[in-house]
Number of protein chains: 2
Amino acid sequence: MDSKIFNLKAKLEVYKAMTNGGNFADCPVRDVIQGISGKWSSLLVMALAEKPYRFGELRRLVPDISQRMLTQTLYELQRDGYVHREVFPTKPPSVEYSLTDLGRSMFAPLQMLVQWAELNHDAVREARAAFDAAQP
Amino acid sequence: MDSKIFNLKAKLEVYKAMTNGGNFADCPVRDVIQGISGKWSSLLVMALAEKPYRFGELRRLVPDISQRMLTQTLYELQRDGYVHREVFPTKPPSVEYSLTDLGRSMFAPLQMLVQWAELNHDAVREARAAFDAAQP
DNA sequence: TAGTGCTGGTCTCTTTTTGAAACCACCATT
DNA sequence: AATGGTGGTTTCAAAAAGAGACCAGCACTA
């Protein structure tokens with residue numbers, strides 16, 4: 001067997017999970033990761049991890065999200081089971097979004113990544129500045 | 001230490017980091033997170049965490065990425081300091097991509113998220129199916 | 001009673017991002 | 001002389017995202 005091809009097939013445990021052992025057409029881990037790797041998903045999960053919020057509150061909390069993307073991202077998070085949506089029959093009706101148990105359990109590893117980002121954003125910004133300065 | 005209180009404190013710290021103390025729009029942590037939350041970024045970091053790969057190897061490894069997005073994502077990962085790019089003067093010249101120390105340190109928390117996804121993809125798919133079934 | 005505002009959205013239009021595919025120069029092999 | 005592998009760039013179409021108008025329903029106000 002060609003060693004190059006063999007090396008391509010030899011993958012780490014985590015990478016196997018990510019690639020479903022070479023079957024890219026149906027990879028659950030990639031499917032899940034891509035569901036929370038959108039531009040606004042993780043941010044909204046962070047916000048809702050603190051406490052439930054209503055639609056308008058989230059809109060004011062994240063001022064640079066469009067109303068359209070807020071609706072859509074919350075819909076997707078709800079569909080994937082991370083977020084619970086509850087309508088209260090007030091006048092006018094108010095809608096509260098909160099994390100489900102699944103959402104809270106996903107928040108734990110997400111938190112790791114955010115803490116890493118908090119510790120390393122200086123390094124990233126320095127790398128970015130150095131890279132841009134070295135460009136012709 | 002009471003684990004509930006500990007978790008609450010951790011949550012609030014992370015929330016503050018993500019929100020820049022209430023200022024969501026201009027937040028360093030968000031800047032870092034959004035740099036790795038692209039569609040292909042995490043997947044390529046996972047691959048390079050195993051071992052360095054050349055451009056063509058990555059292209060074959062991730063068959064559903066376009067050459068254009070592979071170039072662009074690797075460029076961004078390099079710019080943010082996660083990936084090192086080295087050109088070898090072979091004929092034809094070959095280009096090797098590898099994780100930097102920063103990239104490896106980021107891989108650790110990312111791995112947590114992937115492992116969570118591996119453990120919970122059934123729950124997510126069930127939530128999705130239940131949600132779709134409940135739609136009119 | 002007509003106007004105004006707040007609720008949580010949808011609809012339409014424009015801009016940005018992504019995908020698909022062709023193209024490139026170089027060199028080795030066939 | 002044609003073919004294939006190297007690591008890309010370029011071009012054009014499709015998809016996604018952003019900006020802003022619009023909507024129904026009710027409360028409050030003038």
Side-chain angles (χ1 to χ4, degrees), chain A residues 2-8 24-25 30-31 33-44 47-48 52-80 83-98 131 135-136, chain B residues 24-26 30-31 33-44 47-48 52-80 83-98 131 135-136:
Chain A
D2 183 6
S3 67
K4 271 188 184 175
I5 295 177
F6 178 78
N7 283 336
L8 286 180
F24 281 81
R30 240 181 102 181
D31 183 41
I33 292 289
Q34 296 206 342
I36 58 180
S37 73
K39 181 171 181 181
W40 304 107
S41 310
S42 60
L43 185 57
L44 291 176
L48 295 176
Y53 278 110
R54 289 173 50 191
F55 187 88
E57 290 176 320
L58 287 172
R59 189 155 50 101
R60 285 186 291 275
L61 207 56
V62 187
D64 57 344
I65 192 175
S66 66
Q67 207 164 352
R68 190 179 154 282
M69 286 313 293
L70 181 55
T71 303
Q72 186 176 312
T73 306
L74 287 171
Y75 180 89
E76 289 165 0
L77 289 174
Q78 187 196 354
R79 190 172 101 98
D80 282 8
V83 161
H84 173 69
R85 178 182 187 270
E86 191 164 6
V87 181
F88 293 97
T90 57
K91 295 167 187 175
S94 61
V95 182
E96 188 184 83
Y97 293 92
S98 56
F131 184 87
Q135 288 306 98
Chain B
F24 266 87
D26 179 31
R30 229 181 108 183
D31 183 40
I33 292 289
Q34 296 205 342
I36 58 179
S37 72
K39 181 172 179 181
W40 305 107
S41 309
S42 59
L43 185 57
L44 291 176
L48 294 175
Y53 278 111
R54 291 175 48 191
F55 186 88
E57 289 177 321
L58 287 171
R59 189 156 48 99
R60 285 186 292 273
L61 208 54
V62 187
D64 57 344
I65 192 175
S66 68
Q67 206 164 355
R68 190 180 154 282
M69 287 313 291
L70 181 55
T71 303
Q72 186 176 311
T73 307
L74 287 170
Y75 180 91
E76 289 164 0
L77 289 174
Q78 185 195 355
R79 190 173 101 98
D80 282 8
V83 161
H84 173 68
R85 179 181 188 270
E86 190 166 4
V87 181
F88 292 98
T90 56
K91 292 168 188 175
S94 61
V95 182
E96 188 185 83
Y97 293 91
S98 57
F131 183 87
Q135 288 306 98

So, applying side-chain contact (heavy atoms from CB on, under 4.5 Å) with B/Tyr53, which one of B/Leu61, B/Leu44, B/Val95 is it?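 Per the side-chain contact (heavy atoms from CB on, under 4.5 Å) rule, the option paired with B/Tyr53 is B/Leu61, out of B/Leu61, B/Leu44, B/Val95.
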Any idea how B/Tyr75 and A/Phe131 line up, ring-wise: parallel (<30°), tilted (30 to 60°), or perpendicular (>60°)?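 Ring orientation of B/Tyr75 relative to A/Phe131: perpendicular.
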Between atom [atom1] in [X] and atom [atom2] in [N], what is the gap in whole Å?
| X | N | atom1 | atom2 | result |
| --- | --- | --- | --- | --- |
| A/Leu70 | D/dA19 | CG | C1' | 15 Å |
| B/Tyr75 | D/dG7 | OH | C1' | 16 Å |
| B/Met69 | D/dT10 | CE | C1' | 16 Å |
| B/Leu58 | D/dG5 | CG | P | 18 Å |
| B/Trp40 | D/dA16 | CH2 | P | 13 Å |
| A/Gln72 | D/dG18 | CD | C1' | 11 Å |
| B/Gln34 | D/dA17 | CD | P | 12 Å |
| B/Phe88 | D/dG8 | CZ | P | 13 Å |

Can a donor-acceptor pair be found, under 3.5 Å and without considering hydrogens, that links the side chain of B/Ser41 to the backbone of B/Ser37?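 No: the side chain of B/Ser41 does not pair with the backbone of B/Ser37.
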Could you tell me whether the side chain of A/Gln34 and the main chain of B/Lys39 form a donor-acceptor pair under 3.5 Å?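 Flag set: sc A/Gln34 to bb B/Lys39 pair under 3.5 Å.
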At under 4.0 Å between heavy atoms, what does [X] touch on the DNA or RNA strands: base, sugar-phosphate, or nothing?
| X | value |
| --- | --- |
| A/Gln67 | base |
| B/Arg68 | base |
| A/Tyr97 | sugar-phosphate |

Lys/Arg-Asp/Glu bridge criterion (N-O < 4.0 Å) met for B/Asp64, B/Arg59: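 Looking at B/Asp64 and B/Arg59, the cut-off is not met.
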Is any side-chain heavy atom of A/Arg85 closer than 4.5 Å to a side-chain heavy atom of A/Leu74?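 A/Arg85 vs A/Leu74: side chains apart.
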Pairwise side-chain contact, A/Glu57 with A/Phe55, heavy-atom cut-off 4.5 Å (strictly under):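 Side chain of A/Glu57 against side chain of A/Phe55, heavy atoms only: no contact under 4.5 Å found.
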Which nucleotide in D/dG25, D/dG18, D/dG8 has an atom nearest any side-chain atom of B/Phe55: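 Of all the options, the side chain of B/Phe55 is nearest to D/dG8.
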D/dG5 phosphate, OP1 or OP2, under 4.0 Å from B/Arg60 side-chain N/O: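 No, B/Arg60 has no side-chain N/O under 4.0 Å of OP1/OP2 on D/dG5.
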Walking along DNA chain C from 5' to 3', note the first and the last nucleotide with an atom under 4.0 Å from a heavy atom of chain B, and give both.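 The contact span of chain B on DNA chain C goes from C/dT18 to C/dA20.
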Closest nucleotide of DNA chain D for A/Ser66 versus for A/Lys91: which of these residues is on the 5' side?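 The answer here is A/Ser66.
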